[in-house]
Amino acid sequence: MFVLGCVACCRLGLLDWSLLLLCSIFGTSMKEPSVSLGPTPAPVFLTKLWVLMEDPANCDMIAWNTNGQTFSILDEQRFTKEILPRYFKHSNLSSFIRQLNMYGFRKVMSLENGLVKSESAIEFQHPFFKKGRPELLEHIKRKVNSVKTEDAHLSQDNLQKVINELKVLQNGQSNMDFKLDTMRREN
Amino acid sequence: MFVLGCVACCRLGLLDWSLLLLCSIFGTSMKEPSVSLGPTPAPVFLTKLWVLMEDPANCDMIAWNTNGQTFSILDEQRFTKEILPRYFKHSNLSSFIRQLNMYGFRKVMSLENGLVKSESAIEFQHPFFKKGRPELLEHIKRKVNSVKTEDAHLSQDNLQKVINELKVLQNGQSNMDFKLDTMRREN
Amino acid sequence: MFVLGCVACCRLGLLDWSLLLLCSIFGTSMKEPSVSLGPTPAPVFLTKLWVLMEDPANCDMIAWNTNGQTFSILDEQRFTKEILPRYFKHSNLSSFIRQLNMYGFRKVMSLENGLVKSESAIEFQHPFFKKGRPELLEHIKRKVNSVKTEDAHLSQDNLQKVINELKVLQNGQSNMDFKLDTMRREN
DNA sequence: GGCGTTCTAGAATATTCGCGC
DNA sequence: GGCGCGAATATTCTAGAACGC
C-alpha cells in the first residue's frame with residue numbers, strides 16, 4: 001500500500017508523506033513541538049537521507065551494503081542528477097558529502113578504492129546509521145560551529161588611529177540618535 | 001601553426017610535445033634543472049592545465065570564456081571521465097578543484113549557481129591565468145603551509161574587531177537614515 | 001582558428017552578460033589574492049537583487065519607485081512564483097525579506113501602506129540601494145557574522161579598506177546631521 | 001622539501017523557523 | 001503572510017591535514 005500510494009502521489013507528495021511516516025516512527029508530533037519536550041525530531045538532512053535510502057526506486061543508485069553497516073553511492077552521475085535535486089536544493093555531490101561529514105559520517109576506504117581509475121562506488125558509514133535501525137538516528141549529532149575566543153592585547157599605531165576615528169563616529173551616531181528622538185517628541 | 005601541429009599529433013604525443021613547447025616558451029631546459037638557476041619551470045599541474053586548455057579537442061568540455069579572462073568546465077561529467085584521467089592520476093573533479101584552489105584560482109559566481117536545476121558551467125579565474133598569455137604562468141604560486149607570525153596575527157585580530165565595529169556603525173547609519181526618511185514622510 | 005573554436009564553444013546567456021557587466025563595474029575581474037586585495041565582489045544576494053531589478057521583464061512584478069530611492073514588489077503572487085525560483089533556491093517571500101533585512105533593508109511604512117491592508121505594494125529601501133547607482137552596492141554590509149581575512153601580512157591593505165569605509169561613514173553622518181538641521185528649521 | 005591526491009573541516013552566505021514586539 | 005531579528009541548519013567555496021612519491 002505504501003508503494004501504491006507513493007506512486008499515485010506527485011513528486012512533492014511522496015517526500016512529504018514519507019516524512020510524516022518517519023515522524024510517526026520516531027513518535028514525534030509536528031503539532032506541539034514546544035509543549036512536550038519529548039524526543040527531538042531528527043534534522044531534515046538525516047530524515048531525507050533515511051527516506052531516500054528506504055525508497056526501492058533509488059536502489060540502483062544508492063543502497064545499503066551486504067551487512068547493512070554501510071551504504072554506497074552506486075551510480076555517482078545518476079545519483080547527482082536524479083536523486084539529489086528531488087530531496088535537496090542542489091545537485092552537487094560535494095554538498096551532499098559535506099553534509100555527511102558534518103554529521104560524522106566517514107568514507108570507507110576499501111582496497112579497490114585505492115586504485116587509480118577507481119570505478120568503485122563511494123562508500124560511507126556512521127556508527128548510528130544502520131539498515132533497519134531508524135531509532136539510532138537520534139544519536140547522530142551535527143557538528144557545531146566553533147566559537148573563537150579572541151583577546152588581543154596589542155595594537156598598532158595605525159590601528160589606534162582608526163579606533164579613535166571609530167569612537168568619534170560612535171559619538172556622532174549617539175548624538176544624532178538623541179536628536180532624532182528629541183525631534184520626534186517635539187512633533 | 002600551433003593548433004595544426006597539435007591536431008596532427010596523437011593524444012599521448014600531443015601532451016609530450018606540448019610540454020616541450022611550453023618549456024621552450026619559458027626558456028627552461030629539461031636537461032639541466034639543477035645547474036642553471038634560471039627561470040623555474042612551472043609546476044606540473046599548471047603546465048597540464050595550460051596544455052589541456054589549449055587542446056581544441058577539449059573545447060566542448062572546458063574552454064576559455066569570451067574575454068579570455070576566465071574558463072569554464074562546460075560538461076562536468078564528460079570532463080571528469082574523459083579529460084581528467086588523460087592528464088592526471090585520477091577522475092575526481094574535487095581533486096582537480098582542490099588543485100585549482102591550491103594555486104589561487106577562485107570560482108566565479110554566476111547567477112545560475114543559486115538555482116537547483118543548474119545547468120550552468122563551473123567557472124574559475126586567476127589573475128595570472130589568461131588566454132594567450134602563457135608567460136604569466138610563472139607568477140602563479142602554490143600555497144605553502146604557512147607558519148603564522150604571532151605579531152601579524154594579533155594585529156589581524158584587532159583589525160577584525162575594528163571591522164566588526166564598522167559594521168555596527170553602518171547598521172546604525174542605515175537605521176537613522178531610515179528614521180529620517182520616515183519622519184520626513186510623516187511631516 | 002583557435003579563437004574561433006572557443007567562441008563557438010561559449011554559451012554565455014543574458015544573465016552571464018549582466019554579471020560580467022556588474023563585475024566590470026565593481027572592478028572585480030582582476031583579483032590578485034597574494035598581491036593586493038582588490039575590491040571585494042558583492043555578495044550573491046545583492047548581485048542577484050540588482051540584476052533582477054534591472055531586468056525589464058520583471059518590471060511588472062518588482063520595480064523602482066518614482067524617485068529611484070525605493071523599490072516595490074508590485075505583484076506579490078507572481079513575484080513569489082515566477083521570479084524567486086529563477087534567482088534563488090526557494091519560492092518563499094519570507095526568505096527573500098529575511099535576506100533584505102539581513103543586509104539592512106527596511107520596509108517603508110507609507111501612509112497608504114498603513115491604511116489598506118494587503119492591497120498596497122510592499123516597499124523597501126536601503127540608503128545604498130539606489131536606482132542607477134550600482135557603485136553604492138559595495139557599502140551594503142551583511143549583518144552578524146565576521147569576515148575572516150586570509151593573509152595576516154596584508155593588514156596594511158585591510159587597514160586602508162577600513163579607513164575608506166570610515167570616510168564613507170563620516171560623509172554619511174555629515175549628510176544626516178545636515179538633514180536634521182534642515183528639518184528642525186522647517187519645523 | 002615540494003608537489004599531488006584524498007578526505008575532512010573551516011568560513012561565509014543562504015534558507016528556514018520561531019520569538020518578541 | 002505584520003516586522004525585524006536570533007538561531008539552527010543548509011549550501012557553497014576554500015583550506016587543513018595526512019600520506020605517498
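In what follows, every chain begins at residue 1, and chains take the letters A, B, ... in the order their sequences are listed.
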Task: Value in whole Å for how far the P atom of E/dT9 lies from CD1 of A/Ile140 - done: 14 Å
Open item on the list: If we ignore hydrogens and angles and just use 3.5 Å, is the side chain of C/Asn58 paired with the main-chain N or O of C/Met53 as donor and acceptor?
Closed with: no
TODO: State which residues pass side-chain hydrogen bond (donor to acceptor under 3.5 Å, both in side chains) with A/Thr70; sequence neighbours excluded, sorted by chain then number.
DONE: A/Asn65, A/Glu123
TODO: Please identify each residue that fulfils salt bridge (charged side-chain N to carboxylate O under 4.0 Å, His left out) with A/Glu76, with sequence neighbours left out.
DONE: none
Open item on the list: Nearest heavy atom decides the nucleotide; on that basis, is B/Tyr103 or C/Phe96 closer to the 5' end of DNA chain D?
Closed with: B/Tyr103
Look for any protein N or O under 3.5 Å of an N or O in nucleotides 4-6 of chain E and output each such pair with its distance, or none.
| from | atom 1 | to | atom 2 | distance (Å) |
| --- | --- | --- | --- | --- |
| E/dG4 | OP1 | C/Lys107 | N | 3.1 |
| E/dG4 | OP2 | C/Asn101 | OD1 | 3.4 |
| E/dC5 | OP1 | C/Lys143 | NZ | 3.0 |
| E/dC5 | OP2 | C/Lys143 | NZ | 2.9 |
| E/dG6 | N7 | C/Arg98 | NH2 | 2.9 |
| E/dG6 | O6 | C/Arg98 | NE | 2.9 |

TODO: State whether the side chain of C/Asn92 and the backbone N or O of C/Ser95 hold a donor-acceptor pair below 3.5 Å, judged by distance alone.
DONE: no
Task: Between P of E/dT12 and CD of B/Glu123, the distance in whole Å - done: 17 Å
Open item on the list: Could you tell me how far apart B/Leu100 (CG) and D/dT5 (P) are, to the nearest whole angstrom?
Closed with: 12 Å
Task: Side-chain donor/acceptor of B/Lys48 to backbone N/O of B/Tyr87, under 3.5 Å - done: yes
TODO: List the atom of A/Ile73, the atom of A/Ala121, and the distance in Å for their closest heavy-atom pair.
DONE: O-CB, 3.2 Å
Open item on the list: Can you measure B/Met109 atom CE to E/dT14 atom P for me and round it to whole angstrom units?
Closed with: 12 Å
TODO: Provide the closest heavy-atom pair for A/Lys141 versus A/Glu138 in the form atom of the first, atom of the second, distance.
DONE: NZ-O, 3.2 Å
Open item on the list: Whole angstroms only, please: what is the NE2-C1' distance between C/His90 and D/dT13?
Closed with: 12 Å
Task: Separation of atom CZ in A/Arg142 from atom P in E/dT9, rounded to whole Å - done: 5 Å
- [ ] Please report, rounded to the nearest Å, how far the C1' atom of D/dC7 is from the CD1 atom of A/Ile122.
- [x] 12 Å
Open item on the list: What is the distance, to the nearest angstrom, from the NZ atom on C/Lys89 to the P atom on D/dT15?
Closed with: 8 Å
Task: Counterpart residues, ring pair (Phe, Tyr, Trp, His ring centres under 6.0 Å), relative to B/Tyr103 (two or more places apart) - done: B/Phe45
Could you go through nucleotides 19-21 of chain E and list every protein N or O atom that sits under 3.5 Å from one of its N or O atoms, giving the distance for each pair?
none

Task: Given DNA chain E, 5'-ward residue of the pair A/Ser94 and C/Leu93, judged by closest heavy atom - done: C/Leu93
Open item on the list: Is the phosphate of D/dT16 approached by C/Asn92 (side-chain N or O, under 4.0 Å from OP1 or OP2)?
Closed with: yes
Open item on the list: Please enumerate all residues that pass ring pair (Phe, Tyr, Trp, His ring centres under 6.0 Å) together with A/Phe129, with sequence neighbours excluded.
Closed with: A/Trp50, A/Trp64, A/Phe71, A/Phe105
